[in-house]
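A short write-up of the structure that comes next.
In this text, all values refer to a predicted model and were calculated from it rather than measured experimentally. Sequence positions, counted from 1, serve as the residue numbers for this chain.
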Amino acid sequence: MAKTILIVDDSLTMTMSVKSSLEMNSFVVQTAADGVQALTKLKGGLKPDLIITDINMPNMGGLELIRQVKTLPGYRFIPILTLTTESDASKRDEGKKLGATGWLVKPVSGPDLVRVVKQVVPGA
């Protein structure tokens, strides 16, 4: 059964690039342009096997999204990877504290991304 990944990023270029790398490796991909849109999809019943989120986005950034997802019943153990230009250690520490599984700094090559995704998604 194919694993579903939710990509949350306000950059359409980045979203399309990540989406195509994942789809070439048989993942099902859903997208959201910011944390608000992502939460709406999750509350609407989307249950991804992994969430990949940017940190700096309008409306709701990645750190707040991680905080909110971890409070949703049934979503606490979904792995969340951040994919961001943000390499600041304090932001990374905050992300880990909030429950981020991993922190990837853009740009990440398709094969590298897929390797990390396979590490954090059981059975991928």
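I5 and L39 fall into different hydrophobic clusters, where Ile, Leu, Val, Met, Phe, Trp and Tyr are joined by side-chain heavy atoms under 4.5 Å apart, directly or via other members. Under the 4.5 Å side-chain heavy-atom criterion for ILVMFWY residues, no single connected hydrophobic cluster contains both V116 and I78. In this structure, V18 is a member of the same hydrophobic cluster as V121, with clusters built from ILVMFWY side-chain heavy atoms closer than 4.5 Å.
For the residue pair G45 and Y75, the shortest heavy atom distance occurs at C-OH, 4.1 Å. Taking each heavy atom of S26 and A2 in turn, the nearest pair found is O-CB, 3.6 Å.
Partners of A33 under the side-chain contact (heavy atoms from CB on, under 4.5 Å) rule, at least two apart in sequence or in another chain, are Q37. Annotation: side-chain contact (heavy atoms from CB on, under 4.5 Å) contacts of V120 (sequence neighbours excluded): L50, P79, L81, T101. Partners of D54 under the side chain to side chain donor-acceptor pair (under 3.5 Å) rule, at least two apart in sequence or in another chain, do not exist in this structure. In terms of the side-chain contact (heavy atoms from CB on, under 4.5 Å) criterion, residue partners of Q30 (sequence neighbours excluded) are, by chain and number, T4, L6, K41, L46. With sequence neighbours left out, the salt bridge (charged side-chain N to carboxylate O under 4.0 Å, His left out) criterion links K3 to no other residue.
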With a 3.5 Å cut-off and sequence neighbours excluded, list the donor-acceptor pairs that the side chains of residues 86-100 form with protein atoms.
unit_1 : atom_1 : unit_2 : atom_2 : d
E86    : OE1    : N56    : ND2    : 3.3
D88    : OD2    : S90    : OG     : 2.6

Sequence neighbours excluded and cut-off under 3.5 Å, please list the side-chain donor-acceptor pairs for residues 105-114, or say none.
unit_1 : atom_1 : unit_2 : atom_2 : d
K106   : NZ     : D9     : OD2    : 2.9
S109   : OG     : D112   : N      : 3.2
S109   : OG     : D112   : OD2    : 3.2
D112   : OD1    : R115   : NH1    : 3.0

Do any side-chain atoms of residues 57-64 form donor-acceptor pairs under 3.5 angstrom with protein atoms, and if so which ones, sequence neighbours left out?
unit_1 : atom_1 : unit_2 : atom_2 : d
N59    : ND2    : D34    : OD2    : 2.6
E64    : OE1    : R67    : NE     : 2.8
E64    : OE1    : R67    : NH2    : 3.1
E64    : OE2    : Q68    : NE2    : 2.9

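Contacts classified as side chain to side chain donor-acceptor pair (under 3.5 Å) and involving residues 11-21 (residues at least two apart or in different chains) are not found. Counting only residues at least two apart or in different chains, salt bridge (charged side-chain N to carboxylate O under 4.0 Å, His left out) contacts with residues 42-52 are absent.
A side-chain contact (heavy atoms from CB on, under 4.5 Å) with V8 is found for exactly one of L83, I80, L65, V69, namely L65.
Residues L104 and I52 form no side-chain contact, since every pair of their non-hydrogen atoms from C-beta on lies 4.5 Å or further apart. The shortest side-chain heavy-atom distance between I7 and L22 falls under the 4.5 Å cut-off.
For the atom pair K70 NZ and I66 CD1, the distance stands at 8.0 Å (nearest 0.5 Å).
The hydrophobic side chain of M24 is isolated, with no ILVMFWY side chain under 4.5 Å apart from it.
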